[in-house]
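Please read the structure below before turning to the comments.
The structure presented is a predicted model; accordingly, all values stated were derived computationally and were not measured.
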Amino acid sequence: MIDALAYESRWTGMAVADVSDGTDQPYRAAELGPEEPAVLLAPRLAQFAAVARLEHVTQAAALLGVPQPKLSRAVARLEAELGVDLLARQGRTVRLTRAGRLLLASVERALAELERGAEAARAEADPAVGRVTFGFLHTMGPDAVPALLRGFRAAHPQVRFQLVQDYGMAMLERLRAGELDLCLVAPLPDDPAFTARLLDEQRLHLVVPADHRLAGRRRIRLAEVAEETFVGLERGYGMRMITDGFCEQAGFVPRLAFEGEETETLRGLVAAGLGVALLPPALVPRPGVVELEVTAPRTRRAIGLAWAAGRPLTPPVAAFRDFVLSRRGRLLHHD
């Protein structure tokens with residue numbers, strides 16, 4: 001897919017700047033308009049290349065599957081539009097002029113690049129070897145996502161993945177822009193621009209320092225820490241929205257001393273005695289903290305798969321979507 005860094009055609013009165021195809025080789029975009037060379041010449045370049053390669057109009061016409069007179073007229077129009085002779089006719093055969101050789105070198109490169117692009121586009125949608133751009137929450141990265149990929153790749157070993165870790169709102173914006181095919185999010189979006197399906201629910205624990213007054217308990221009500229200092233994720237993160245919502249249900253607004261971007265960092269802040277936090281269970285026990293079950297409210301977050309509503313999915317993306325949906329209720333390990 002071409003990402004335009006700055007693209008506007010000359011017939012709009014604006015300049016055309018460099019574009020990139022995702023590699024490290026930016027190139028100059030062709031100007032488009034009714035009188036621009038790329039628009040006028042493109043349909044006849046392959047015909048010219050065939051004649052130039054074979055040096056024979058009749059043989060080139062047979063190769064392309066077009067009548068010989070039609071091919072002769074096409075090459076003649078190409079010469080007229082350029083204002084130069086590209087071919088020197090010698091009976092049924094032709095030979096390239098100097099101008100023809102100069103043009104052919106660029107035409108061959110352009111046709112080869114076009115063929116490469118077409119092959120890449122086809123491969124992108126190939127159910128066996130295509131690509132899936134998959135976004136997910138940071139908390140899904142250590143365990144859930146690797147398990148999904150391992151299970152899917154067992155049946156689709158050549159499908160390629162581009163993995164993107166981000167917070168929920170940012171992933172949804174990238175999904176809206178077409179930069180992602182699918183994403184794991186929490187909470188599920190309430191937006192008609194997206195289709196979302198619930199996959200699982202994850203219990204959230206109140207994490208306190210090991211020497212906290214409540215550390216000896218197994219269960220608490222969230223209202224019991226209404227006066228405590230909290231540490232949490234920044235605004236815009238799904239976990240921050242969920243935490244604020246549960247605290248509101250418990251009748252208070254959390255006082256945040258520190259805001260971060262990653263849950264394990266928050267655990268470290270809790271271990272340092274800087275506050276308490278509502279977090280997903282740790283995959284590996286963290287020294288210096290204790291995780292308490294919250295009995296009221298029911299602190300669980302819904303995790304689902306989302307994709308752009310109405311946007312066709314390529315075969316590999318559809319296959320991976322269906323596989324992930326088949327894992328409903330088994331996405332997470334519950335304690």
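- The minimum heavy-atom distance linking Ala196 with Pro189 is given by the pair CB-CD, 3.9 Å.
- Residues satisfying the side-chain contact (heavy atoms from CB on, under 4.5 Å) criterion with Ala257, sequence neighbours excluded, are Thr229.
- Here the side chain of Asp191 pairs a donor or acceptor atom with the backbone of Ala193 at under 3.5 angstrom.
- By the criterion of side-chain heavy atoms lying less than 4.5 angstrom apart, applied directly or through intervening Ile, Leu, Val, Met, Phe, Trp or Tyr residues, Phe246 is grouped together with Tyr167 in one hydrophobic cluster.
- Annotation for Ala223 and Ala250: closest pair CB-O, 3.8 Å, computed over non-hydrogen atoms.
- Using a 4.5 Å cut-off on side-chain heavy atoms (C-beta onward), Leu206 and Leu222 make contact.
- Under the 4.5 Å side-chain heavy-atom criterion for grouping Ile, Leu, Val, Met, Phe, Trp and Tyr, Met239 is connected to Phe258 within one hydrophobic cluster.
- Put simply, the side chain of Ile220 reaches to within 4.5 Å of the side chain of Val225, judged on heavy atoms.
- Taken to the nearest 0.5 Å, the OG1 atom of Thr133 stands 9.0 Å off from the CZ atom of Arg160.
- Here Glu224 pairs with Arg217 under the side-chain hydrogen bond (donor to acceptor under 3.5 Å, both in side chains) rule; sequence neighbours left out.
- Taking every heavy atom of both residues into account, Ala306 and Leu172 meet most closely at CB-CD2, 4.5 Å.
- Arg328 places none of its side-chain heavy atoms less than 4.5 Å from the side chain of Asp200.
- Only one option out of Leu86, Leu54, Val57 pairs with Val94 in a side-chain contact (heavy atoms from CB on, under 4.5 Å); it is Val57.
- The two atoms that bring Arg286 and Gly268 nearest to each other are NH2-CA, 3.3 Å, heavy atoms only.
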Side chain to side chain contact (heavy atoms under 4.5 Å, CB included) evaluation trace for Leu256 with Val231 = CA-CA 5 Å; Leu256 269 78; Val231 297; over 6 Å; no
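- In this structure, Pro281 and His205 approach most closely via the heavy-atom pair CG-CE1, 4.0 Å.
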message = Applying side chain to side chain donor-acceptor pair (under 3.5 Å) to His138 and Glu264, what does each step give before you reach the verdict?
response = CA-CA 10 Å; His138 289 278; Glu264 288 309 304; over 6 Å; no
query = Between Glu291 and Arg218, does a salt bridge (charged side-chain N to carboxylate O under 4.0 Å, His left out) hold up when you go through it step by step?
reply = CA-CA 8 Å; Glu291 301 196 4; Arg218 292 184 59 189; over 6 Å; no
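- In this structure, Arg298 and Glu201 have side chains that are in contact, with non-hydrogen atoms separated by less than 4.5 Å.
- Under the side-chain contact (heavy atoms from CB on, under 4.5 Å) test applied with Arg321, the options Asp181, Leu182, Val132, Thr195 reduce to a single match, Leu182.
- Placement of Met169 and Phe194 in two distinct hydrophobic clusters is found when ILVMFWY residues are connected by side-chain heavy-atom separations under 4.5 Å, directly or transitively.
- Under the side-chain contact (heavy atoms from CB on, under 4.5 Å) test applied with Leu184, the options Leu137, Thr139, Leu199 reduce to a single match, Leu199.
- Connection of Leu269 to Leu214 is established within a shared hydrophobic cluster, with ILVMFWY side chains joined at heavy-atom distances below 4.5 Å, either directly or through further cluster members.
- Between Asp244 and Pro254 there is a side-chain heavy-atom pair separated by less than 4.5 Å.
- Distance check: Leu266 CG to Phe230 CZ gives 12.0 Å after rounding to the nearest 0.5 Å.
- As a member of the Ile/Leu/Val/Met/Phe/Trp/Tyr network built from side-chain separations under 4.5 Å, Leu188 groups with Leu198.
- Applying the side-chain hydrogen bond (donor to acceptor under 3.5 Å, both in side chains) criterion to Arg174, with sequence neighbours excluded, gives Glu179.
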Exercise answer: donor-acceptor pairs, residues 102-111 side-chain atoms, under 3.5 Å, sequence neighbours excluded:
unit_1: Ser106; atom_1: OG; unit_2: Arg109; atom_2: NH2; d: 3.3
unit_1: Glu108; atom_1: OE1; unit_2: Arg53; atom_2: NH2; d: 2.7
unit_1: Glu108; atom_1: OE2; unit_2: Arg53; atom_2: NE; d: 2.9

Show me, pair by pair, the donor-acceptor contacts under 3.5 angstrom made by side chains of residues 307-318, not counting sequence neighbours?
unit_1: Arg311; atom_1: NH1; unit_2: Leu175; atom_2: O; d: 2.9
unit_1: Arg311; atom_1: NH2; unit_2: Leu175; atom_2: O; d: 3.4
unit_1: Arg311; atom_1: NH2; unit_2: Arg176; atom_2: O; d: 3.0

task = Dump the intermediate steps for salt bridge (charged side-chain N to carboxylate O under 4.0 Å, His left out) on Arg44 and Glu81, then the final yes or no.
result = CA-CA 11 Å; Arg44 289 186 278 278; Glu81 287 162 357; 2.5 Å; yes
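- Scored by the side-chain contact (heavy atoms from CB on, under 4.5 Å) test, Thr265 finds Glu262 as partners (sequence neighbours excluded).
- Distance alone, capped at 3.5 Å, places no donor-acceptor pair between the Arg327 side chain and the Leu331 backbone.
- Partners of Arg98 by side-chain hydrogen bond (donor to acceptor under 3.5 Å, both in side chains), not counting sequence neighbours: none found.
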Do any side-chain atoms of residues 58-69 form donor-acceptor pairs under 3.5 angstrom with protein atoms, and if so which ones, sequence neighbours left out?
unit_1: Gln68; atom_1: NE2; unit_2: Ser72; atom_2: OG; d: 2.7

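- The shortest heavy-atom contact between Val270 and Val208 is CG1-C, 3.4 Å.
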task = Report the C-alpha separation of Arg89 and Glu79 in whole Å, then their side-chain angles, then the decisive distance to 0.1 Å, and conclude whether the salt bridge (charged side-chain N to carboxylate O under 4.0 Å, His left out) test is met.
result = CA-CA 13 Å; Arg89 279 75 176 174; Glu79 292 177 310; 3.1 Å; yes
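- Around the CD atom of Gln90, the shell of radius 6.0 Å holds more than 12 heavy atoms that belong to other residues, nucleotides or ligands.
- Legend: residues meeting side-chain contact (heavy atoms from CB on, under 4.5 Å) with Glu234, ordered by chain and number and at least two apart, are Tyr237, Glu259, Glu261.
- The shortest distance between side-chain heavy atoms of Thr299 and Ile242 does not fall below 4.5 Å.
- No side-chain heavy atom of Leu204 sits under 4.5 Å from any side-chain heavy atom of Val294.
- In the hydrophobic clustering of ILVMFWY residues, with side-chain heavy atoms under 4.5 Å counting as a link, Leu283 and Leu278 come out apart.
- For the 3.5 Å distance criterion, the side chains of Arg301 and Thr243 fail to qualify, holding no donor opposite an acceptor.
- For Glu55, the side-chain hydrogen bond (donor to acceptor under 3.5 Å, both in side chains) test picks out no residue, with sequence neighbours left out.
- Between Phe134 and Phe136, the ring planes are tilted. Angles from 30° to 60° get that label.
- Residues Gln47 and Leu78 are not in side-chain contact: their nearest non-hydrogen atoms beyond the backbone lie 4.5 Å or more apart.
- Under the 6.0 Å cut-off for aromatic ring centres, Phe161 and Phe320 qualify, their centroids lying closer than that.
- Heavy atoms of other residues, nucleotides or ligands lying less than 6.0 angstrom from CZ of Arg221 number 12 at most.
- When only modelled atom types and interatomic distance are considered, Arg300 and Gln202 share no side-chain donor-acceptor pair under 3.5 Å.
- His156 pairs by the ring-ring contact (aromatic ring centres under 6.0 Å, His included) definition with Phe152, not counting sequence neighbours.
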